[in-house]
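Here is the structure we will look at, set down as structure tokens.
Both ligands and their constituent atoms are indexed starting at 1 by order of listing. FYI, the numbering just counts along the sequence from 1.
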Amino acid sequence: MKKYINTLCFMCSVRCPIQVEVENEQVISIRGNPHVPAMNGGVCPKGVAAMAALNDTQRVQSPLIRTGERGSGQWKRVSWEEALDYTADRCKAIFDKYGAKSAVYCERANLISDISKSFQKAIGSPNHFTHDTVCKGSINTACRSMIGYTDGQINADWTNAKHVVLYGRNVFESVEIKAMNSFMAALEKGTKLTYIDPRVTITAAKAHDYKMIRPGGDLAFNYALMNIIIKEKLYDAPYVKRWVEGFNELSRFVDPYTPEWAEKETGLPAAEIVSLAREVSRVKPAVVFHYGYRGSHHPTEVYFRRSILILNALIGSIESKGGLFIKKGLKDAGYKAGLKTFSSQKFPEMEDKRRFDGCGQDKFPIADPAHGVGFMFPHAVINEDPYPIKVLFAFRYDPLLSNPDYNTNMKALQKLDLIVASDVNFGATTAMADVILPESFFLERSDPLQMGSGLKPAINRRIACVRPRFDTEPMWWIVKQLADRLGVGQYFPYETAEDIWKYQLADLDIKIEDFDETGSVSLSDKAIWWDRNDGINFKTPSGKIEVVSDLMESHGIPSLPAYEPLDRQPDAFRLMCGRCVAHTNVMTQNNLYLNHLVPENRLWINDRRAKELGIADNDRIEVASNAGKGEMRAFVTDLIHPEAAFMLHGFGHKEVDSKRSYGKGVADAMLQERHHDKIGGSPALDHTWITVKKL
Ligand SMILES: Nc1nc2c(c(=O)[nH]1)N[C@H]1C(S)=C(S)[C@@H](COP(=O)(O)OP(=O)(O)OC[C@H]3O[C@@H](n4cnc5c(=O)[nH]c(N)nc54)[C@H](O)[C@@H]3O)O[C@H]1N2
Ligand SMILES: Nc1nc2c(c(=O)[nH]1)N[C@H]1C(S)=C(S)[C@@H](COP(=O)(O)OP(=O)(O)OC[C@H]3O[C@@H](n4cnc5c(=O)[nH]c(N)nc54)[C@H](O)[C@@H]3O)O[C@H]1N2
Ligand code: SF4
Ligand SMILES: [Mo]
């Protein structure tokens with residue numbers, strides 16, 4: 001009999017609500033959950049490709065213990081008992097010598113992050129970080145410095161915006177289905193889109209105004225915009241007076257940064273900057289300057305992200321219809337309590353609270369310890385700074401390919417005594433593991449409930465659609481089994497997913513059956529906005545938007561430091577990286593369907609520069625930086641700025657068990673040097689210069 005099951009996708013971290021059609025334990029189709037109008041019944045190519053991933057025999061099919069060299073692909077198939085006992089015994093021996101702090105746990109932030117964090121607290125290690133730190137650590141820091149919320153706690157009101165400005169936020173390729181559909185509908189109704197990127201993306205092709213900026217020119221562009229908005233009094237004066245702390249300092253600060261000054265940095269005509277400032281001010285406050293995800297990751301990134309938020313503040317768009325909004329949760333919807341968490345239990349006092357990354361401590365005092373600074377992992381391991389790191393739990397996260405400088409990352413992995421990976425595939429780090437504890441695929445497992453904060457908050461549920469194909473288990477089960485063996489099982493009071501759901505809902509009048517019909521429980525049927533005149537609850541010390549930030553200044557970090565131009569290397573190319581619609585980060589290149597769509601990456605280079613180097617389209621080339629080199633094909637085009645080169649992230653896999661993606665293309669991480677934003681904590685992934693030559 002056919003069943004239609006509402007659950008949450010996990011082919012990328014967006015976690016769209018989907019509906020899965022199942023018959024006789026086979027998945028027949030996957031579509032957008034029809035109860036969620038913004039899904040419009042659709043999913044992206046990767047969502048559909050979950051069907052191929054589910055039945056893929058190149059997945060990890062059982063617990064494995066390494067028998068050959070690290071990375072050789074030689075494994076012994078073992079029972080769960082044996083794999084878990086082996087892991088726990090080795091951990092105990094290492095912890096006896098170096099303490100539990102020698103274990104670092106990293107993961108792609110997900111529905112079990114609360115349980116993962118509890119695990120580290122229970123064993124007594126302060127060392128946990130999420131993929132968010134190498135994705136948008138600096139955006140998070142910028143947001144907290146200005147409004148007291150993280151980037152995860154705000155969003156854009158795509159539907160009602162009248163003008164949207166995107167800095168390399170390639171919404172139509174690097175997709176989130178709900179946002180993309182809402183924005184598409186708004187564009188059809190007349191919303192204007194200004195898109196800024198050194199590369200012509202699909203989003204650029206849909207823009208009313210596309211600006212091919214010099215790579216890294218965005219901060220200068222924004223300072224010049226502010227200069228005009230302030231000089232011509234185009235800002236929202238009552239809003240600024242009520243909500244913006246540090247306006248006078250800002251006015252003085254941007255005074256020298258005129259559009260004419262910015263021409264040199266951005267390569268864009270001054271008149272274009274002036275006209276954009278005037279245009280957005282005409283439709284204020286229904287304007288989104290999107291703070292983005294990726295794109296323009298340089299060591300000054302925290303100031304670039306702050307500059308975007310400052311523009312929103314000037315135009316009065318934070319917590320305004322058609323602008324940015326602060327996501328609302330259970331309390332805003334009138335509930336007295338939230339979802340109960342495991343990590344808020346009382347854990348034993350930690351012996352040594354110093355973190356491997358110094359996040360929230362000496363090295364990165366204002367970065368967010370809830371996510372850590374993953375960039376520091378290889379440094380900490382190689383230099384034993386601040387102490388020896390011996391164990392890595394790499395759960396749903398691939399630090400080898402997701403951190404810049406592959407060769408250094410590899411050196412760090414090789415120095416570890418024990419690598420424990422939990423994956424569904426043979427990821428790059430997983431292939432280097434000593435033991436693999438394979439997780440069931442998301443279509444095969446139920447997970448803890450998800451708090452879906454937003455204008456209309458809801459609680460969402462992922463539920464198993466089919467039985468596991470192979471000898472795999474959900475992560476919450478694996479973590480509990482390890483905890484039991486390490487003598488801290490009491491912090492994980494559950495046996496089944498239902499037990500976890502009941503625990504989470506303990507303080508709320510919501511029942512598990514309430515999720516059965518639609519997959520979620522809606523907490524408010526109308527959008528919750530705060531009164532932008534007087535009711536916005538900014539969580540900064542001043543209760544305002546802090547252009548001059550208490551968080552920064554109190555740590556001796558200037559809020560508005562003088563602009564410093566990025567270095568230029570006329571004979572080289574600034575390497576930029578990004579995504580395409582057919583792949584997720586580093587995890588889908590071996591997927592049967594998606595590998596067929598986009599099997600390898602090519603290097604985008606400008607046609608004029610290519611000609612000078614004697615390179616024709618599709619020629620084989622060598623690309624090299626100070627960090628490493630690789631061989632790939634060229635994509636010669638006039639759709640990219642002459643100073644830039646671009647490659648898709650996620651290729652260059654060398655895992656012998658992933659036969660379709662093996663050896664295809666080059667990993668951007670192989671070329672990227674170890675630059676980072678010393679304040680926000682993000683790796684500066686777009687900061688490396690590369691040279692290119694024909695082979
Ligand atoms: N299909 C698909 N969708 C995804 C993902 C995926 O892997 N695949 N991943 C999800 C995740 S984790 C994330 S973080 C988001 C990422 O969402 P985006 O940030 O929109 O995605 P990227 O593809 O990384 O695009 C970065 C863009 O920045 C541009 N860029 C580089 N340097 C500069 C610069 O100096 N200035 C400007 N203005 N632009 C620059 C690059 O040319 C590139 O087009 O997408 C999410 N959605
Ligand atoms: N060089 C470079 N580094 C980058 C980026 C870049 O563009 N270039 N982008 C950054 C960005 S935006 C992000 S978000 C991060 C992402 O970094 P990661 O989170 O490392 O990348 P993903 O590809 O999302 O997935 C990582 C691993 O999770 C596994 N996995 C997938 N689904 C499951 C599951 O259900 N269970 C388990 N246990 N494992 C699963 C995958 O097989 C893969 O091995 O990387 C960042 N790092
Ligand atoms: S964007 Fe695509 S892959 Fe990501 S959760 Fe949504 S449907 Fe799944
Ligand atoms: Mo990301």
Ranked by distance from atom 18 (P) of ligand 1, the top protein heavy atom is Arg169 NH1, 3.5 Å

Under 4.0 Å from a heavy atom of Cys135: give me the atoms of ligand 2 that qualify, with their elements. 11 (C), 12 (S), 13 (C), 14 (S)

Starting from atom 1 (N) of ligand 2, which protein heavy atom do you reach first, and at what distance in Å? Gln672 OE1, 2.6 Å

Could you verify whether a donor N or O on one side chain and an acceptor N or O on the other, from His653 and Glu655, lie under 3.5 Å apart? yes

Nitrogen or oxygen of Gly217 less than 3.5 angstrom from that of ligand 1: no

Check this for me - ligand 1, Ser13, N or O atoms closer than 3.5 angstrom, yes or no? no

Candidate with minimal heavy-atom separation from atom 6 (Fe) of ligand 3, of Gly47, Cys16, Pro45: Cys16

For ligand 1, is there an N or O atom under 3.5 Å from any N or O atom of Cys580? yes

Closest to atom 27 (C) of ligand 1 among protein heavy atoms sits Gly168 O, 3.1 Å

Numbering the atoms of ligand 2 from 1, which are under 4.0 Å from a heavy atom of Leu401? 1 (N), 3 (N)

Heavy atom of the protein closest to atom 30 (N) of ligand 2 (residue, atom name, distance): Asp423 OD1, 3.6 Å

Val14, Thr203, Asp197, Val581: member with heavy atom nearest to atom 43 (C) of ligand 1: Asp197

What protein heavy atom lies closest to atom 12 (S) of ligand 2? Include the residue and the distance to one decimal. Arg294 CD, 2.8 Å

Contact partition for Asp218 relative to ligand 1, non-hydrogen atoms under 4.0 Å: side chain

closest protein heavy atom to atom 10 (C) of ligand 2 is Val134 O, 3.4 Å

Polar-atom distance check: Gly216 versus ligand 1, any N or O pair below 3.5 Å? yes

Parallel, tilted or perpendicular: ring planes of Trp80 versus Trp477, cut at 30 and 60 degrees: perpendicular

Can a donor-acceptor pair be found between the side chains of Tyr195 and Thr203 at a distance below 3.5 Å? no

For Cys12 and ligand 1, answer yes if some heavy atom of the residue is under 4.0 Å from a ligand atom, otherwise no. no

Evaluating non-hydrogen atoms only, which member of Arg574, His649, Arg579, Met212 is closest to atom 23 (O) of ligand 1? Arg579

Crowded around Lys178 NZ? As in, over 12 foreign heavy atoms under 6.0 Å? no

For atom 47 (N) of ligand 2, what is the closest protein heavy atom, and at what distance to 0.1 Å? Ser402 O, 2.8 Å

Do any heavy atoms of Ala582 fall under 4.0 Å from ligand 1? no

Ring centroids only, cut at 6.0 angstrom: are Tyr397 and Phe129 within range, meaning strictly under it? yes

Is ligand 1 under 4.0 Å from a heavy atom in the side chain of His583, in the backbone, in both, or in neither? backbone

Write out the residue and atom name of the closest protein heavy atom to atom 28 (O) of ligand 1, then the distance separating them to 0.1 Å. Gly295 CA, 3.2 Å

Only one of Val200, Asp197, Ile196, Leu639 clears side-chain contact (heavy atoms from CB on, under 4.5 Å) with Met212; which? Val200

Specify side chain, backbone, both or neither for Glu173, according to which of its non-hydrogen atoms lie closer than 4.0 Å to ligand 1. backbone

Relative to the heavy atoms of Val586, which atoms of ligand 2 are at a distance of less than 4.0 Å? 21 (O), 23 (O)

Which one holds for Ser296 and ligand 1: side chain close, backbone close, both close, or neither close, with close meaning a heavy atom under 4.0 Å? both

Under 4.0 Å from any heavy atom of Met11, which atoms of ligand 3 are there? 3 (S)

Picking from Arg59, Arg108, Arg445, what satisfies salt bridge (charged side-chain N to carboxylate O under 4.0 Å, His left out) with Glu439? Arg445

Could you establish whether Glu176 and ligand 1 come within less than 4.0 Å of each other, counting only heavy atoms on the residue side? no

One finds that the ligand 1 atoms under 4.0 Å from a non-hydrogen atom of Pro215 are 35 (O)

Heavy atom under 4.0 Å from ligand 2: found in Phe442's side chain, backbone, both, or neither? neither

Of Arg396, His297, Lys136, which has the heavy atom at the shortest distance from atom 26 (C) of ligand 2? Arg396

Around atom 35 (O) of ligand 2, find the nearest protein heavy atom and jot down its residue, atom name and distance. Arg445 NH1, 2.9 Å

Could you find the nearest protein heavy atom to atom 22 (P) of ligand 2 and give me its residue, atom name and distance? Asn585 CB, 3.7 Å

Which residue holds the protein heavy atom closest to atom 15 (C) of ligand 1, what is that atom called, and what is the gap in Å? Tyr293 CD1, 3.5 Å

A quick test of your reading: do over 12 heavy atoms of other residues, nucleotides or ligands sit less than 6.0 Å from NE2 of His596? no

Which is it for Cys44 and ligand 1 at heavy atoms under 4.0 Å: side chain, backbone, both or neither? neither

Nearest non-hydrogen protein atom to atom 31 (C) of ligand 1, with distance, is Met576 SD, 3.2 Å

Considering only non-hydrogen protein atoms, determine which one is nearest to atom 14 (S) of ligand 2 and report residue, atom name and distance to 0.1 Å. His131 CD2, 3.2 Å

of all protein heavy atoms, closest to atom 40 (C) of ligand 1 is Pro198 CD, 3.4 Å

side-chain hydrogen bond (donor to acceptor under 3.5 Å, both in side chains) partner of Gln19, chosen from Asn6, Thr7, Asn33: Asn6

Any N/O/S of Cys12 under 2.8 Å from atom 2 (Fe) of ligand 3? no

Give the atom numbers and elements of ligand 2 that come within less than 4.0 Å of a heavy atom of Met587. 23 (O), 25 (O), 31 (C), 41 (C), 42 (O), 43 (C)

I need the nearest protein heavy-atom contact for atom 3 (N) of ligand 1: residue, atom name and distance, please. Val175 N, 3.0 Å

